[in-house]
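Numbering of residues begins at 1 and proceeds along the displayed sequence.
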Amino acid sequence: MNARALAIQVLSRVRATDAYLNVVLDTLLSESPPKDSRDAALVTELAYGATRRQLALDYAISRFADRKLDSLEDKVLAALRIGAYQIFHTRVPARAAVAETVQALKEVGLARAAGFTNAILRKLADLPAPPLPPASDVVEHLSVRESHPRWLVERWLRQFGRERAEAMLAADNQAPAVVIRANTAKVTRDALLTQLQEAGVDAKATPVSPVGIILPSVGRVEDVYGYAEGLWQVQDEAAQLVGVYGAIPETARVLDACAAPGGKACHLAQEHDVVAVDLHANKIRKIESEAKRLGLSGRLKAYAHDAAEPFPEAWGEFHAILVDAPCSGLGTLRRHPELRYRRKEEDLSRLALLQRRILENCQEAVPAGGLLVYAVCTVEPQEAQDQVEMFLRSHPEWTAEPPVLPGLKLPLTQAYLRTLPGPEGFDGFFAARLRKLY
């Protein structure tokens, strides 16, 4: 199956099943691995690019379609989006983009829709630029141009102002760099950086995280030097900063209450004994597998448990708890672009209630003098600083206590860690470091 046909399969399956794009892509690339690594890269670009630009592509396609896009078969709509993405956002010649996409649609068994698809894509190929709503309607214009739902554009304009909101919207449509965290239980960041460069990898240190390294476009990360040896783990720089900001004393025993997918749990286990908890047993197995690869199994034990319910006494006492709470994920839309179309504004209140339940349960398990680090991968105040401020008002025995980290300039807002999508290259994260006084 050629790259465009495989990309059609990916997008159609994501639409049909509401599965995560990265999971479907990895699965289909494993089931039908392209012979050429460049084809795998093309499938990835087409699938992610068409998803990131979906609203703009649909706006263009709907100008020439004689039926509502929601009524189209999954594979037909996927082919139209992939063809339009190539026309407007790649260097592929327009005629080739049309012809190759139509041929790919035939390859996935929909030759009967080839004429319809060809006609629309040829009309799009004649346009000098993608069509957009009038700029006078700022919200609608930005919503379509940057392919974010209108409700989210309105919120970000109100919360961050137009300049920062536009930077955030634009950043969500850029492919993120591959960032890894050195496994300091085995190697220092500087030593790993030297080893990668000696292996021919054009790696460079992250500007803020003291343990991060930025890799070039590398294809399969599993093939990069040091992966098999457990010298590093893939983790965005902003996510690394949560562990750095926590500044948990080295002798502390730590509970990671919402541990999947396991990056922060393994980061903690590089220096601490960690109990990692997640609601889903299948995710626990993945955490254990990563800990084994990194050589951290002796420091990390993982269990399936609901973090909103009391923890078993048999687990013993913890000096610090990380609550990486379930959230809207609106800080990670460049990595999970499909999420922007699935989230609804009302989800924020529902998730805030769940976060509050988990926070209340976890704070009970922290002894006097202990730490709780609350983190979310979102930019929404309702899930972040508002959540923490409400907690502190109702719990006078707790206080916000930012870390003392000489030589490090973390992106702090008051006492809290906060990163935003934008030219800095971060995902959007929030974290609060809280101390139980009595």
Q.
With a 4.5 Å cut-off on side-chain heavy atoms, are Leu322 and Leu268 touching?
A. yes
Q: Could you please spell out the steps behind the side-chain contact (heavy atoms from CB on, under 4.5 Å) verdict for Gln363 and Lys436?
A: CA-CA 8 Å; Gln363 66 90 20; Lys436 194 170 191 176; 4.2 Å; yes
Q.
With no hydrogens and no angle check, just 3.5 Å: does a side-chain donor-acceptor pair link Ser349 and Gln382?
A. yes
Q: I would like to know whether Asp26 and Arg220 meet salt bridge (charged side-chain N to carboxylate O under 4.0 Å, His left out); could you show each step before the answer?
A: CA-CA 10 Å; Asp26 290 346; Arg220 276 173 38 93; over 6 Å; no
(Q) Looking at Arg342, I want to see if its CZ is surrounded by more than 12 non-hydrogen atoms of other residues, nucleotides or ligands under 6.0 Å. (A) yes
Q: Examine Arg418 relative to Phe426 and say whether NZ or CZ is less than 6.0 Å from the centre of the six-membered ring and inside a 45° cone about the ring axis.
A: no
Q) Short question: side chain of Thr206, backbone of Glu237 - any donor-acceptor pair under 3.5 Å? A) no
Q. Between Trp232 and Val221, does a side-chain contact (heavy atoms from CB on, under 4.5 Å) hold up when you go through it step by step?
A. CA-CA 11 Å; Trp232 51 263; Val221 294; 4.1 Å; yes
Q | Pair Gln233, His267: side-chain N/O donor-acceptor within cut-off below 3.5 Å | A | no
Q) In terms of heavy-atom contacts, does CZ of Arg150 have more than 12 from other residues, nucleotides or ligands at under 6.0 Å? A) yes
Q. Should we count CZ of Arg335 as having more than 12 external heavy atoms under 6.0 Å?
A. yes
**Q.** Other residues, nucleotides, ligands: >12 heavy atoms within 6.0 Å of Phe64 CZ
**A.** yes
Q) How many angstroms lie between CZ in Arg95 and CD in Glu100, if you round to the nearest 0.5 Å? A) 14.5 Å
**Q.** Side chain to side chain, Val234 and Arg181, heavy atoms closer than 4.5 Å
**A.** no
(Q) Distance check, rounded to the nearest 0.5 Å: Ile287 atom CD1 versus Asp256 atom CG? (A) 7.0 Å
Q. Rounded to the nearest 0.5 Å, what separation is found between the CG atom of Leu333 and the CG atom of Asn173?
A. 9.5 Å
Q.
Nearest 0.5 Å, please: how far is NE2 in His395 from CE in Met390?
A. 11.0 Å
Q: Check step by step if salt bridge (charged side-chain N to carboxylate O under 4.0 Å, His left out) holds for Arg334 and Asp172.
A: CA-CA 4 Å; Arg334 60 178 182 164; Asp172 283 347; over 6 Å; no
Q | Neighbour count >12 (heavy atoms, 6.0 Å) for atom CD, Glu163 | A | no
Q | Flag side-chain contact, heavy atom, 4.5 Å: Val224 against Leu196 | A | yes
Q. For Arg53, does its backbone N or O pair with a side-chain atom of Ser147 as donor and acceptor, under 3.5 Å?
A. yes
Q: Taking atom types as modelled, find out whether Glu383 and Thr378 have a side-chain donor-acceptor pair closer than 3.5 angstrom.
A: yes
Q | CD1 on Ile321 to CD1 on Ile358, rounded to 0.5 Å | A | 12.0 Å
Q: List the steps and the verdict of side-chain contact (heavy atoms from CB on, under 4.5 Å) for Glu146 and Glu166.
A: CA-CA 9 Å; Glu146 303 296 350; Glu166 286 201 50; 5.7 Å; no
**Q.** Test item: side-chain donor near acceptor, Gln195 and Tyr225, under 3.5 Å
**A.** yes
(Q) Using modelled atom types and a 3.5 Å cut-off, is there a donor and acceptor pairing between side-chain atoms of Asp74 and backbone atoms of Arg15? (A) no
Q) Can Lys123 and Asp126 be said to form a salt bridge (charged side-chain N to carboxylate O under 4.0 Å, His left out), step by step? A) CA-CA 5 Å; Lys123 289 175 181 176; Asp126 289 336; over 6 Å; no
Q | Lys204, NZ atom: more than 12 neighbouring heavy atoms under 6.0 Å | A | no
All N/O donor-acceptor pairs, side-chain side in residues 79-87, below 3.5 Å, sequence neighbours left out:
| from | atom 1 | to | atom 2 | distance (Å) |
| --- | --- | --- | --- | --- |
| Arg81 | NE | Asp58 | OD1 | 2.9 |
| Arg81 | NH2 | Asp58 | OD2 | 2.8 |
| Gln86 | OE1 | Arg4 | NE | 2.7 |
| Gln86 | OE1 | Arg4 | NH2 | 3.1 |
| Gln86 | NE2 | Ile82 | O | 3.1 |
| Gln86 | NE2 | Thr101 | OG1 | 2.9 |

**Q.** N-O pairing of Arg299 and Asp273 below 4.0 Å
**A.** no
Q) Can you find a side-chain donor-acceptor pair between Gln270 and Thr184 that sits under 3.5 Å? A) yes
**Q.** CD (Gln414) with more than 12 external heavy atoms under 6.0 Å
**A.** no
Q | Point-to-point distance, once rounded to the nearest 0.5 Å, from OG1 of Thr332 to CG of Asp427 | A | 6.0 Å
Q: Please work out which of the three classes, parallel, tilted or perpendicular, describes the rings of Phe430 and Tyr416, given edges at 30° and 60°.
A: tilted
Q.
Apply side-chain hydrogen bond (donor to acceptor under 3.5 Å, both in side chains) to residues Ser328 and Glu380 and explain how you reach the verdict.
A. CA-CA 8 Å; Ser328 63; Glu380 287 301 317; over 6 Å; no
Q | Pair Leu25-Val43, side-chain contact (heavy atoms from CB on, under 4.5 Å): steps then yes or no | A | CA-CA 8 Å; Leu25 179 64; Val43 175; 3.7 Å; yes
Q: Return the set of residues passing side-chain contact (heavy atoms from CB on, under 4.5 Å) with Val138 (not counting sequence neighbours), or none when no residue passes.
A: Leu142, Leu157, Arg162
Q) Taking atom NZ of Lys286 as the centre, does the number of heavy atoms from other residues, nucleotides or ligands within less than 6.0 Å exceed 12? A) no
Q) Got Lys409 and Val208 here, is their nearest side-chain heavy-atom distance under 4.5 Å? A) no
Q. Is Tyr227 close to Ile180 at the side-chain level, that is, under 4.5 Å between some pair of heavy atoms?
A. no
Q: Determine whether the side chains of Arg356 and Gln387 contain a donor N or O and an acceptor N or O closer than 3.5 Å.
A: yes
(Q) In the structure I gave you, are the side-chain heavy atoms of Leu11 and Thr51 within less than 4.5 Å of one another anywhere? (A) yes
Q. Tell me, do Leu408 and Pro210 make a side-chain contact under 4.5 Å, heavy atoms counted?
A. yes
Q: Taking the side chain as every heavy atom from C-beta outward, state whether Arg393 and Glu389 have any atom pair closer than 4.5 Å.
A: yes
(Q) Does this structure show an ion pair linking Arg38 with Asp36, if we count only N-O contacts that are shorter than 4.0 Å? (A) yes
